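Just so we're clear, the structure is a prediction, and the values are computed from it rather than from any experiment. Remember, it's 1-based here, ligands and their atoms both numbered in the order they're listed.
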Amino acid sequence: MLRFASLGSGSKGNATLIEAGPDKNDTRILLDCGFSVVETENRLARLGRCADSITAIVITHEHSDHVVGAGRLSRKYKIPVWLTVGTWLACKDNNFFATHFIDSHADLYIDDLLLHPFPVPHDAREPCQFIFSDGKSRLAIVTDLGSYTPHILSHLSRLDALLLECNYDEQMLLNGIYPHSLKQRVSGRVGHLDNKQSTQLLKKLDLTQLKYIAAMHISEKNNHPEHALKALCEGVGCTNNDVTLATQKKGFDWLELL
Ligand SMILES: [Zn+2]
Ligand SMILES: [Zn+2]
């Protein structure tokens, strides 16, 4: 069984829990830790989990909304951290309890979970995103990328669940309050995916096995949750009720793939 939940998603902090196995004692991975230790503990408690039961922290890239609490949480609870060498070098606080390096083109096991990393175009040192599998179901988490490559698309077909970035609405970003340079950064090839790009990406995939789709990393200033929902519905060919929304405050509650 593969289980997953979001502690929160957006530019103020990101963290996702992924678990394999039938009991609470099985492999439990925290993907990114973009909240303070106290905030992470509180959000874990909301999902019925304790930080001392986390098997590993896996980090996608060094931006503070993904790593700010990782060092302290790792040391406080003696949790090992997995990340690319580039991400490790670029992290301000990289003195983890234990450090394991990821090759972003090589699969790896962390206990019962198989991780399949793939590099993404994003303005970080060596960013990657992941597909998680318990040997039966496949869950992909795809955020923080300015564009999608054939290599990325080749990994995303026949997924059981996809957590996909819908960062901004093109018009809202264009007309919004961000300075010109930041608008260029967000919308650039190594920035973030907008709603339209997410729809296009979905239309290129074989989604016949898809059971869950979630909208992630939605900008509070440059997007509306309704726009993100509409984009994913259009890409998948489903209704609003079939799409999970990851919010900054609450993320989303446990979802299960049996
Ligand atoms: Zn981010
Ligand atoms: Zn980022």
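- Considering the Zn ion (ligand 2) as centre, the angle to NE2 of His61 and to NE2 of His122 is 100° (10° rounding).
- Closest N/O/S atom of Asp144 to the Zn ion (ligand 1): OD2.
- A ring-centre distance under 6.0 Å is found for His105 and His151.
- Under the side-chain contact (heavy atoms from CB on, under 4.5 Å) rule, Leu162 has a single partner from Leu139, Leu205, Val236, Ile141, which is Leu205.
- In this structure, His217 and His192 have tilted ring planes: the angle between them lies in the 30° to 60° band.
- Atom ND1 is the N/O/S atom of His63 found closest to the Zn ion (ligand 2).
- A salt bridge between Glu170 and Lys196 is present, with a side-chain N of the basic residue lying under 4.0 Å from a carboxylate O of the acidic one.
- The Zn ion (ligand 1) is closest to atom OD2 of Asp65 (considering only N, O or S atoms).
- Salt bridge status for Glu39 with Arg43: present, with a side-chain N to carboxylate O gap under 4.0 Å.
- Residue contact annotation: His192 places no N/O/S atom under 2.8 Å from the Zn ion (ligand 1).
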